[in-house]
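Below you'll find the structure, written out as structure tokens, and then a few comments.
Indexing begins at 1, ligand by ligand and atom by atom, following the structure's order. These numbers come from a predicted model, not from an experiment.
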Amino acid sequence: MGIFEIKAGIFSVGALHWDRRLFDELIPLPDGTTYNAYLVKGSGKTALIDTVDPEKVQDLIDHLNELKIKKIDYLIANHAEQDHSGSLARMLELFPAAKVVTNAKCRDFLKDLLLIPEDKFITVQDRETLSLGSYTLEFILTPWVHWPETMVTYLREEKILFSCDFFGSHLAASRLFTEEEEIVIRSAKRYFAEIMMPFRSSIRTNLEKLDGIPISMIAPSHGPVYTRPDFVIRAYKDWTSDQVKNEVLLPYVSMHGSTARMAGYFTEALMRRNITVKPFNLTKTDLGELAINLVDAATIVLGTPMVLAGPHPAAVYAAFLVNALRPKTKFLSLIGSFGWGGRLAETITGMLTNLKAEVLPQVLVKGYPKADGLKALDQLADQILLKHQELKIT
Ligand code: FEO
């Protein structure tokens, strides 16, 4: 990433990972990512806020060397996940007098995951402050903004919020600051969908906690820095709300064309009713695209053929993921085709129990869809329209 001086004595010293394509061996990263770390030099003490993924530790070391940093007093750990904490041990080797400053839960994770000894820690409470001389850091506990120990660090004098995963985006970019908000907000939404959505209600609580704090800039540990933080805070309030949109998400898989024909017919049936529909062929879809569209959709209709007496494994994988991501979906249904028999609907609906969604009648046809099957799809589209009208979102 190079070094950026954000304000006097406050530097971005983290690393870009342009070609990382998978996070947690699960999440696609079409735009790479960044691990932002921030050096804050006060008149008395120096702190490093978060580190970088261990794979990129040399970038961090090079940046600190370039700034001729001989002493770091505090290593602030906002989050124990290794993409931010994984270089702490190396930092402690280079700066043996430094203390790791974090909350009790994060301290315990770091002892457990990274084997950092107890005497290296300074443990802080919610809203506790740490003086660097000319700068003051305040620690605000924001549990479950990914893991249970997550916190953010607020630099009082400059009103900068170092938010770690909160408001982050997996987006490698050569500029530090958000200039193209449309692009950044899409990456931030994708990030929210993949990382934050399961913790929607905790995030809502934490947004309320931040409400009274004046923020001039949000400096997350992934993606660009927000110089106009309002727009991402507003977006988070929308994404975490219970408000849904007049949209149907239609992930489907088809082996011999019957379920694909149903998905195609159903897509047009919804379009004729002015419902936004997003069909995703599961064999060709980036799962991140599926996730981002889960954020707002009122309804999910999953399409799958019967295979080996149950749903297609691609549909099972999608259902498992949707259930884990816990979107605010209000309605759920299933369409598909079978040859003889099996347990398709029971298996899929049994996998989606995290969703607080009303299950609408499914449309399962024998073989290729015929007139009565297509009519049933029209009836399902009518029912979805009615449900969306009741929510006043059409
Ligand atoms: Fe970027 Fe939850 O770590």
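A donor-acceptor pair shorter than 3.5 Å can be found between the side chains of Thr153 and Asn78. Defined by atom type and a distance below 3.5 Å, a donor-acceptor pair is missing between the side-chain atoms of Asp50 and Tyr35. Donor-acceptor pairing under 3.5 Å is lacking for the side chains of Ser216 and Glu158.
Ring pair Phe166/Tyr236 is perpendicular by interplanar angle, where above 60° counts as perpendicular and below 30° as parallel. Ring planes of His146 and His79: perpendicular class, angle over 60° (limits at 30 and 60°).
Rounded to 10°, the angle formed at atom 1 (Fe) of ligand 1 by NE2 of His84 and OD2 of Asp83 is 90°.
Note on His146: its N/O/S atom closest to atom 2 (Fe) of ligand 1 is ND1. Nearest to atom 2 (Fe) of ligand 1, among the N, O or S atoms that Glu81 has, is OE1. Closest to atom 1 (Fe) of ligand 1 among the N, O or S atoms of Asp165 is OD1.
Atom 1 (Fe) of ligand 1 has an N, O or S atom of His222 inside 2.8 Å of it. Taking 2.8 Å as the criterion, Cys164 does not count as a coordinating residue of atom 2 (Fe) of ligand 1, since none of its N, O or S atoms falls below it.
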